[in-house]
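First the structure, in the form of structure tokens, and then the observations on it.
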Amino acid sequence: MTILATNPTSVRPGSTSPQWQNELRQAVRTADELCRRLDLPELLTEAAADGAGEFPVFVPPSFLARMRPGDPDDPLLRQVLPMAAEADVVEGFSRDPVDDAAATMQPGVLQKYEGRVLLITTGACAVHCRYCFRRHYPYEEAPHSEAAWDRALASIAADASIREVILSGGDPLMLVDRTLTRLVEKIAAIPHVTRLRVHTRLPIMIPSRVTDELIAWLTGTRLTPVMVVHANHAQELSDEVASQLALLRERGVMLLNQAVLLRGVNDAAAAQIELSERLIEIGVMPYYLHQLDRVEGAAHFEVEAAEGRKIIATMRKRLPGYAVPRFVKEVPRALSKTVLV
Ligand SMILES: *Cc1c(COP(=O)(O)O)cnc(C)c1O
Ligand code: SF4
């Protein structure tokens, strides 16, 4: 597999790489720099630096540009700024809260639900979200060679009940298009698979990731293309994000959004309504609002499920039915996501 090197020392001088790869190389990688670029107070910088631990800061410049300078409560900043609270040990929060270990069929292949399998394509992401439930996932066990991928795909080919393959990660769009083209061709060669779904945050983080090559592999096989993006706040959905997503929609890609209910980011009905309205405006259906997975280090983001239900009730009053996401929770060993309301 060709995974983009995000290590700046490995950049070849004079190489002409796509814009999105340049943006990854320019990502902010320390709490210090993040706070400095946003003119934030020293006190916050110190707490943030302490919180980073083994999950370093990673924020691409195009996302940074959508944050409000000088505002420590900016909803985009909150998602990526480490906090001292990440080190707190809180009962009920664990390293693998969704029991991925039990659902692993083959290295890199997760199946929890009938008819759908999830391929863990890479551990890399274009951003490090502090609440991420896979922040402790053993990515080194995912397939790294063509042969390992062939073994993963063979297990899908051997099970005729599988109709949909979901590319996940990490973020599958961190792989270069050449690699993804080969992978998708192999998936399309499995006769019983009919849908290709991509779970990604990259078009939100770095809109230039929507390249002609990406559109070509996503729409160029007999598979029905579905993309599930991940935006938590309307402020993430800039005009550039909108115009890049429009390119996908014009080519017939079904666009859905999943968000996570996060304390201090989007835990108010007004914020959720604004998110849904903006999503519909740009042609993306609100799909899921997830109750936070109880991963170690993320307890300070948790919102009570009862509060989430109230938010949804308010949304239902004010929005058309299609603009209200399903509020769901991942329960280990359940046969689907569990709908809370
Ligand atoms: C969430 C998830 C899916 C997708 O579930 P849908 O309800 O179809 O969106 C598939 N596989 C795994 C392992 C998942 O965690
Ligand atoms: S983009 Fe998704 S997988 Fe990556 S850090 Fe954020 S929540 Fe986790």
Side-chain angles (χ1 to χ4, degrees), residues 6 24 27 52 54-60 63 76 78-82 86 96-106 108-137 139 142 156 161-175 195-206 209 224 226-233 236 254 256-262 265-266 285-293 295 297-298 301 325-340:
T6 49
L24 280 172
E54 57 189 46
F55 191 51
V57 166
F58 197 90
V59 185
F63 193 59
L76 277 50
R78 286 275 143 202
Q79 298 176 48
V80 297
L81 183 73
E86 290 182 31
D96 180 12
V98 296
D99 207 3
D100 277 347
T104 300
M105 314 265 92
Q106 275 277 323
V109 184
L110 285 183
Q111 183 169 21
K112 292 184 180 172
Y113 311 140
E114 231 175 278
R116 295 151 279 175
V117 295
L118 202 141
L119 284 185
I120 303 288
T121 54
T122 167
C125 280
V127 62
H128 286 176
C129 312
R130 304 317 300 177
Y131 55 85
C132 182
F133 74 100
R134 291 223 175 92
R135 57 187 280 169
H136 307 293
Y137 188 85
Y139 286 110
I156 296 171
S161 72
I162 296 169
R163 310 301 303 277
E164 177 165 336
V165 174
I166 304 171
L167 305 184
S168 183
D171 198 313
L173 298 189
M174 289 293 277
L175 300 175
R195 293 183 299 273
L196 172 68
R197 187 187 333 178
V198 182
H199 278 191
T200 177
R201 212 175 178 197
L202 248 153
I204 309 295
M205 290 298 133
I206 305 179
R209 178 62 186 94
T224 304
V226 180
M227 182 181 277
V228 182
V229 296
H230 173 182
N232 296 313
H233 196 279
E236 293 173 42
M254 188 194 292
L256 306 169
N257 182 64
Q258 52 181 346
V260 182
L261 183 58
L262 297 166
V265 174
N266 58 13
M285 289 294 287
Y287 179 39
Y288 281 150
L289 175 64
H290 289 269
Q291 176 68 355
L292 181 81
D293 293 315
V295 67
F301 282 115
R326 270 152 279 183
F327 181 36
V328 294
K329 182 182 161 131
E330 183 155 344
V331 177
R333 286 171 299 279
L335 301 178
S336 69
K337 305 273 186 266
T338 302
V339 178
L340 295 174

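Order of listing sets the numbers, starting from 1, for every ligand and every atom in it.
For ligand 1, the atoms sitting less than 4.0 Å from at least one non-hydrogen atom of Tyr288 are 6 (P), 7 (O), 9 (O), numbered in the order shown with element in parentheses. Every atom of ligand 1 is numbered from 1 in the order shown, and the set under 4.0 Å from a heavy atom of Tyr287 is 6 (P), 7 (O), 8 (O), 9 (O).
His290 and Glu330 form no side-chain donor-acceptor contact under 3.5 Å, judged by distance and modelled atom types alone.
Once rounded to the nearest 0.5 Å, the distance linking CE of Met105 with NZ of Lys112 reads 10.5 Å. Within the model, atoms CZ of Arg197 and CE of Met254 stand 10.0 Å from one another, a figure rounded to the nearest 0.5 Å. Atom CE of residue Met205 and atom CZ of residue Phe58 lie 11.5 Å apart, to the nearest 0.5 angstrom.
At the top of the distance list for atom 11 (N) of ligand 1, counting protein heavy atoms only, stands Leu118 CD1, 3.6 Å. If you check which protein heavy atom lies closest to atom 2 (C) of ligand 1, you get Lys337 NZ, 2.6 Å.
For the pair Arg130 and Pro56, the tightest heavy-atom approach, listed with the atom from each and the gap, is NH1-O, 3.7 Å. Smallest separation of non-hydrogen atoms from Asp100 and Leu110: O-CD2, 3.4 Å. What you find for Val260 and Leu289 is that their closest heavy atoms are C-CD1, 3.9 Å.
Distances from atom 4 (C) of ligand 1 to the heavy atoms of Lys112, Arg326, Glu330, Arg197 put Arg197 nearest.
At a heavy-atom cutoff of 4.0 Å, ligand 1 is contacted by no atom of Val98, backbone or side chain.
Residues Asn257 and Pro325 have side chains not in contact (no heavy-atom distance under 4.5 Å, counting atoms from C-beta outward). Using a 4.5 Å heavy-atom threshold, the side chains of His230 and His199 count as separate.
Around atom 6 (Fe) of ligand 2, the protein contributes the following N, O or S atoms at distances under 2.8 Å: Cys129 SG.
Below 3.5 Å of separation, one finds an N or O of Arg116 facing an N or O of ligand 1.
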